Protein chains: 2
Amino acid sequence: MGKERVTVIDIAHAAGVSKSTVSLVLQASPLVNEVTRAKVNAVIRDLGYVYNRGAANLRQSNSKSKIIGIVVNDLTNSFFAELAVGVDMVVQSAGYVQFLANTAESVDRQREVISSMREHGISGLILSPARGTEAADLKSLVASGIPVVNVVRQVAGAKVSSLVSDNHAGMRDAVRHLAGLGHHRIAFLGGFPDTAVFNERLQGYRDALSDMDLAVHDELVVSSAPSRAGGVAAIERALLLRERPTAAVCFNDAVAFGVCDGLRAHRLDPGEDFAVIGFDDVIEAQTAVPALTTVSVDPQGMGRRAAQLLLKQINAGRADAEAIVSSVRLVVRQSCGSASDKRERLSLL
Amino acid sequence: MGKERVTVIDIAHAAGVSKSTVSLVLQASPLVNEVTRAKVNAVIRDLGYVYNRGAANLRQSNSKSKIIGIVVNDLTNSFFAELAVGVDMVVQSAGYVQFLANTAESVDRQREVISSMREHGISGLILSPARGTEAADLKSLVASGIPVVNVVRQVAGAKVSSLVSDNHAGMRDAVRHLAGLGHHRIAFLGGFPDTAVFNERLQGYRDALSDMDLAVHDELVVSSAPSRAGGVAAIERALLLRERPTAAVCFNDAVAFGVCDGLRAHRLDPGEDFAVIGFDDVIEAQTAVPALTTVSVDPQGMGRRAAQLLLKQINAGRADAEAIVSSVRLVVRQSCGSASDKRERLSLL
DNA sequence: CAAGATAATTGGAACGTTCCAATTCTGTCA
DNA sequence: TGACAGAATTGGAACGTTCCAATTATCTTG
């Protein structure tokens with residue numbers, strides 16, 4: 001069954017033209033006569049020809065492979081799944097396909113997949129680096145002129161473009177909102193303290209407290225895995241404090257959902273008895289009950305923008321590193337018990 | 001910067017051997033002398049050589065590209081994200097890389113991505129078909145001898161392997177469990193009625209009701225989008241019935257979460273006032289509050305098995321279609337208000 | 001109608017690898 | 001020392017495409 005491959009030569013033969021002509025019609029060159037083009041296209045369809053990009057790519061060493069790589073540190077986190085979807089959208093419609101790999105936070109794995117991608121000749125890479133990634137890991141990539149766009153996390157010292165959300169401003173706005181609602185003891189829950197993202201958000205938290213003339217209490221900062229389970233654990237710990245917090249900003253939405261779960265386990269009603277704000281605005285944030293107040297970063301849009309940036313660099317040939325921080329905005333829903341409304345809740349249904 | 005590519009010939013030259021020898025060491029052939037091998041490897045490292053799989057692949061037309069494709073119909077659904085992670089695991093460790101594409105249920109998109117993948121010479125394809133996929137869409141793929149494994153959904157008439165979960169048995173067990181707890185009016189919520197999966201699950205639901213000598217009322221079957229929002233909508237409708245149900249089996253976990261949300265919006269406590277069972281056992285199912293009773297299909301494991309099946313076929317050269325139905329099991333947690341326990345809930349923390 | 005311009009087509013060389021058959025090298029033994 | 005076996009190495013052809021320079025066919029136009 002595994003038929004002989006149909007090549008451009010077979011078509012040329014069947015259509016009574018030369019392989020060069022066939023090649024020309026394949027790349028939709030204006031040089032070829034309409035009637036020949038039609039004839040060739042007919043034969044192509046008839047014989048079930050499939051273009052061999054590998055061979056083509058071999059010849060035109062300059063132009064690249066029409067493959068872009070995307071590697072993320074945790075695909076099971078829906079933030080990254082949505083990011084990947086966003087990337088896929090623009091990349092596909094530009095005629096590229098994406099290699100998607102998941103590193104599960106392992107830099108070894110990351111090294112493997114990146115080198116594997118290089119062997120396949122990716123034209124560019126979108127990378128959400130695993131924890132512990134160093135500039136050296138990206139060195140050879142940039143040395144060979146392959147554009148790289150880092151998303152979500154920066155890599156210190158790496159000469160590559162990056163697209164991160166404005167973590168500082170986002171968290172600052174969240175805290176200000178809570179303070180505006182009258183909360184004095186606001187916790188910061190979840191996240192690993194050894195990451196840049198964590199520290200940026202934490203700094204936003206601290207700065208906002210200072211701005212509002214509130215004291216910062218270190219015991220109100222409780223770190224944990226940036227996951228739903230981590231959120232449960234964090235709120236557990238926070239509720240053990242002698243002086244309980246009355247509100248919390250969370251490292252991300254997953255943590256925030258966990259926090260809501262943990263509150264319910266203690267017969268506390270998130271949104272009523274305790275205010276919760278997340279970060280990311282994943283898709284479930286709006287349909288959850290209570291709908292989650294969160295800092296919207298629009299993961300899918302971020303994926304799209306990252307892809308656009310990458311494509312721009314690929315086309316430009318030259319990749320000068322540019323660092324974009326994407327602005328964010330606080331989306332107020334029910335979980336922070338603001339004056340907002342049952343109105344919104346109802347209109348949802 | 002975009003340096004000249006380092007080729008096998010450059011290495012040969014620098015190491016003072018022939019390109020053939022270099023090729024031999026690249027494929028770890030036992031034919032080459034240890035000292036030469038070492039020398040060559042050193043040069044490879046020094047010059048920063050990167051293997052060109054495209055060229056290699058061109059030569060050895062028989063052996064394939066070390067790329068496998070995976071296309072799913074909805075990557076934002078964490079079921080599929082986890083599936084992809086499972087596939088990635090085994091595929092990576094077998095030295096392959098995966099092309100991942102998302103079709104968002106569009107068969108047009110699906111056609112595009114599959115043809116693009118073919119051009120890149122994938123060795124095999126794992127496909128969760130978009131709704132409306134027909135056997136004809138896979139025809140040319142199997143004609144050219146590329147192994148295909150369908151997951152989650154079958155495609156009627158297609159001569160390809162498939163790996164689906166035991167939808168009938170899973171739903172039957174869920175309903176029996178609820179009936180065993182004394183429920184008489186059990187709803188079936190969510191899902192699109194024009195899919196095979198829906199009908200299998202629905203049949204399981206009906207058969208179980210008959211088994212337990214309960215009447216089947218068509219008004220208790222309310223379909224909706226298989227998403228969280230769809231779940232909210234479905235329970236809304238179900239609660240409008242004159243004779244309300246007291247329990248529900250849901251098309252999948254996303255729907256089940258939506259149902260819980262919808263119940264809360266009506267001041268009903270899922271697990272206490274109303275029993276809910278999901279399907280899939282996505283990762284959040286165990287950490288949610290209440291923890292979701294659900295039919296476990298282990299998406300990640302399913303991805304792994306699908307990948308193994310595919311690799312087997314790739315290696316065998318011959319792909320005889322085999323249809324595997326993967327068994328499932330009911331995982332009882334809190335959301336069905338079984339006699340189970342606060343115990344489990346507590347031990348979780 | 002010659003000649004130049006334009007349009008359409010074409011044959012080879014090249015891309016970076018693998019494979020085959022052929023060659024060189026080393027050592028052994030009569 | 002000559003012959004031979006085995007180990008190690010090697011040059012060239014091939015894979016399916018693109019590109020370049022060159023060729024042929026078709027028009028214009030003076």
Side-chain angles (χ1 to χ4, degrees), chain A residues 2-41 43-44 47-67 118-123 144, chain B residues 2-41 43-44 47-67 118-123 144:
Chain A
K3 303 292 171 203
E4 299 294 302
R5 217 182 205 307
V6 179
T7 89
V8 90
I9 299 200
D10 299 325
I11 322 228
H13 196 254
V17 296
S18 80
K19 60 182 167 42
S20 304
T21 306
V22 177
S23 174
L24 258 5
V25 347
L26 283 178
Q27 35 204 144
S29 159
L31 290 180
V32 24
N33 186 300
E34 266 319 314
V35 11
T36 346
R37 180 196 310 284
K39 186 172 50 183
V40 170
N41 275 327
V43 177
I44 285 181
L47 299 194
Y49 167 76
V50 352
Y51 185 69
N52 185 334
R53 246 172 233 280
N57 191 47
L58 181 56
R59 185 54 172 82
Q60 34 184 175
S61 53
N62 51 329
S63 148
K64 295 307 210 5
S65 61
K66 293 300 192 177
I67 302 179
R118 288 194 67 186
E119 294 185 355
H120 284 282
I122 52 171
S123 314
S144 48
Chain B
K3 301 292 170 204
E4 300 294 301
R5 217 184 205 307
V6 179
T7 88
V8 90
I9 299 198
D10 298 326
I11 322 231
H13 197 254
V17 296
S18 80
K19 61 182 167 43
S20 304
T21 306
V22 177
S23 174
L24 258 6
V25 349
L26 283 178
Q27 37 204 141
S29 160
L31 289 180
V32 24
N33 186 300
E34 266 319 314
V35 10
T36 346
R37 181 196 309 284
K39 186 173 51 182
V40 170
N41 275 326
V43 177
I44 285 181
L47 299 194
Y49 167 76
V50 354
Y51 185 69
N52 185 334
R53 247 173 232 279
N57 191 46
L58 181 55
R59 186 55 172 82
Q60 31 182 178
S61 52
N62 50 329
S63 147
K64 295 306 212 5
S65 60
K66 293 297 193 179
I67 302 178
R118 288 194 68 186
E119 294 185 355
H120 284 282
I122 53 171
S123 312
S144 49

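Chain A is the first sequence line, chain B the second, and so forth, proteins listed ahead of strands; every chain is numbered from 1. Keep in mind that what you see is a predicted model, and the values were worked out from it rather than measured.
Between the CD1 atom of Ile11(A) and the C1' atom of dT17(D) there is a distance of 12 Å, rounded to whole Å. The distance from atom CG of Asn33(A) to atom C1' of dT24(D) is 14 Å, rounded to the nearest whole Å. Spacing between atom CD of Glu119(A) and atom P of dT18(C) amounts to 11 Å, rounded to whole angstrom units. Going from atom CZ of Arg53(B) over to atom C1' of dT18(C) covers 14 Å, rounded to whole Å. Atom NE2 of His120(B) and atom P of dT17(D) are 14 Å apart (whole Å). Distance CD (Gln60(A)) to C1' (dG16(D)): 12 Å, rounded to an integer number of Å. With rounding to whole Å, Leu58(A) atom CG is found 12 Å from dT17(D) atom P.
Comparing atom distances between the Tyr49(A) side chain and each of dT17(D), dA8(C), dT18(C) picks out dT17(D) as nearest. Residue Ile9(B) has its side chain nearest to dT17(C) when only dT9(C), dT9(D), dT17(C) are considered. Distances from the side chain of Arg5(B) to the nucleotides dT18(C), dG16(C), dT17(D) place dG16(C) closest. Nearest nucleotide to the side chain of Ala55(A), out of dG16(D), dT9(D), dT18(C): dG16(D). When distances run from any side-chain atom of Leu24(A) to the nucleotides dG16(D), dT10(C), dT18(C), the shortest one goes to dT10(C).
For dT17(C), the OP1/OP2 oxygens have no side-chain nitrogen or oxygen of Ser23(B) closer than 4.0 Å. Under 4.0 angstrom from either OP1 or OP2 of dG11(C) there lies no side-chain N or O belonging to Ser20(A). Residue Gln27(B) has a polar side-chain atom (N or O) positioned under 4.0 Å from OP1 or OP2 of dC19(C).
In this structure the side chain of Thr36(A) never reaches within 4.5 angstrom of the side chain of Val25(A), judged on heavy atoms. Between Arg5(B) and Asp10(B), the closest side-chain pair of non-hydrogen atoms is not below 4.5 Å.
Atom-to-atom distance recorded for Asn57(A):CG and Ile67(A):CD1 is 7.5 Å, nearest 0.5 angstrom.
Under the 3.5 Å distance criterion, the side-chain polar atoms of Arg37(B) are left unmatched by any main-chain donor or acceptor of Ala28(B).
Residue-level contact check: Thr7(A) touches the backbone only, with heavy atoms under 4.0 Å from sugar-phosphate atoms and none from bases.
Ser18(B) and Thr21(B) are linked by a side-chain donor-acceptor pair at a separation below 3.5 angstrom, with hydrogens and angles left out of the test.
For a distance-only test at 3.5 Å, the side chain of Ser18(B) fails to qualify as a donor-acceptor partner of the base of dG11(D). Contact of Arg59(A) with dT17(D) (side chain to base): no donor-acceptor pair of N or O atoms is detected under 3.5 Å.
Judged by closest nucleotide on DNA chain C, Glu34(A) is the one of Lys19(A) and Glu34(A) placed further toward the 5' end.
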